[in-house]
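This report refers to the structure that appears directly beneath it.
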Amino acid sequence: MSIIGVGIDVAEIARFAASLERTPGMAQRLFLDSELLLPSGERRGPASLAARFAAKEALAKALGAPAGLHWTDAEVYVEDSGQPRLKVTGTVAARAAELGVRSWHVSLSHDAGVASAVVVAEG
Ligand SMILES: CC(C)(COP(=O)(O)OP(=O)(O)OC[C@H]1O[C@@H](n2cnc3c(N)ncnc32)[C@H](O)[C@@H]1OP(=O)(O)O)[C@@H](O)C(=O)NCCC(=O)NCCS
């Protein structure tokens, strides 16, 4: 086991939510339906969405933020326990494979108007 990369990001929840509301197509460009919707079918709340955005930025940093990564090639999903996990495909999986990343760790937080995420890439 070795650490290949680490990334961190923060997002102001109200500003992120306002951008999502006023920018047509932004939610679909950034997120998969499985991220936008709760298991109940209701829309996920702004703090959790901002944290998922921060996770994708943190993941990009862990990979050295190369050009050409697609937002929807990274998915934050949730274990039955509530723990978030990352799944990567396409452009993100290709870059991860280049660097020898075999598994991902992600942690999310939101409080005091700010959402944040830390990502660790393990080889
Ligand atoms: C590089 C990038 C991550 C910077 O993020 P940002 O939100 O603009 O800025 P932040 O304040 O969060 O982060 C800034 C820090 O990122 C770090 N950073 C810059 N380039 C980086 C790189 N190539 N790799 C890792 N970290 C980098 C720097 O340390 C910088 O701080 P500094 O200027 O004080 O040194 C961003 O511009 C970017 O490319 N995002 C990735 C988009 C993407 O690929 N999305 C799909 C992912 S699934």
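Note that ligands are numbered from 1 as they come in the structure, with each ligand's atoms numbered from 1 the same way. In what follows, every heavy atom counts, from backbone to side chain, and hydrogens, waters and symmetry copies are set aside.
There is a protein heavy atom less than 4.0 angstrom from atom 5 (O) of ligand 1. For atom 35 (O) of ligand 1, no protein heavy-atom neighbour is present inside the 4.0 Å cut-off. There is a protein heavy atom closer than 4.0 angstrom to atom 23 (N) of ligand 1. Under the 4.0 angstrom criterion, atom 19 (C) of ligand 1 counts as lacking any protein heavy-atom contact. Using a 4.0 Å threshold on non-hydrogen atoms, atom 11 (O) of ligand 1 does not count as touching the protein. Under the 4.0 Å distance rule, the nearest protein heavy atom to atom 29 (O) of ligand 1 falls outside the cut-off. Within a 4.0 Å radius of atom 32 (P) of ligand 1, the protein has no heavy atom. Protein non-hydrogen atoms do not reach within 4.0 Å of atom 8 (O) of ligand 1.
Counting heavy atoms only, K61 comes closest to atom 16 (O) of ligand 1 of the residues K61, R95, E75. The residue among A58, A65, G5 with a heavy atom at the shortest distance from atom 21 (C) of ligand 1 is A65.
Between K56 and ligand 1, a contact under 3.5 Å exists for no N or O pair. Considering backbone and side-chain N/O atoms, H70 never comes within less than 3.5 Å of an N/O atom of ligand 1. By the 3.5 Å distance cut-off applied to N or O atoms, G64 is counted among the residues near ligand 1.
In terms of heavy atoms, L63 sits closest to P66 at O-CD, 3.5 Å. The nearest pair of heavy atoms linking I4 to G100 is CD1-O, 3.2 Å. Between V106 and A55, the shortest heavy-atom distance links the atoms CG2-CB, 4.0 Å.
For E42, the CD atom sits in a loose shell: 12 or fewer heavy atoms of surrounding residues, nucleotides or ligands are nearer than 6.0 Å.
K61 places no side-chain N or O within 3.5 Å of a backbone atom of D9 that could act as its donor or acceptor partner. With hydrogens and angles ignored, the 3.5 Å screen pairs no side-chain donor or acceptor of E122 with any backbone N or O of S103. Under a 3.5 Å cut-off, the side chain of K56 and the backbone N or O of L30 do form a donor-acceptor pair.
Proximity to L69 (heavy-atom distance under 4.0 Å) selects the following atoms of ligand 1: 44 (O), 46 (C). Which parts of ligand 1 touch E57 is read off a 4.0 Å heavy-atom cut-off, strictly below it: atoms 3 (C), 7 (O), 36 (C), 38 (C), 40 (N), 41 (C), 42 (C). Annotation for ligand 1: atoms under 4.0 Å from non-hydrogen atoms of D9 are 7 (O), 12 (O).
Between atom CH2 of residue W71 and atom CG of residue L59 there is a gap of 10.0 Å, rounded to the nearest 0.5 Å.
Counting heavy atoms from C-beta on, the side chains of I13 and V114 never come closer than 4.5 Å.
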Item checked: Working for side-chain contact (heavy atoms from CB on, under 4.5 Å), residues L36 and Q28 -> CA-CA 9 Å; L36 287 170; Q28 273 66 34; 3.7 Å; yes
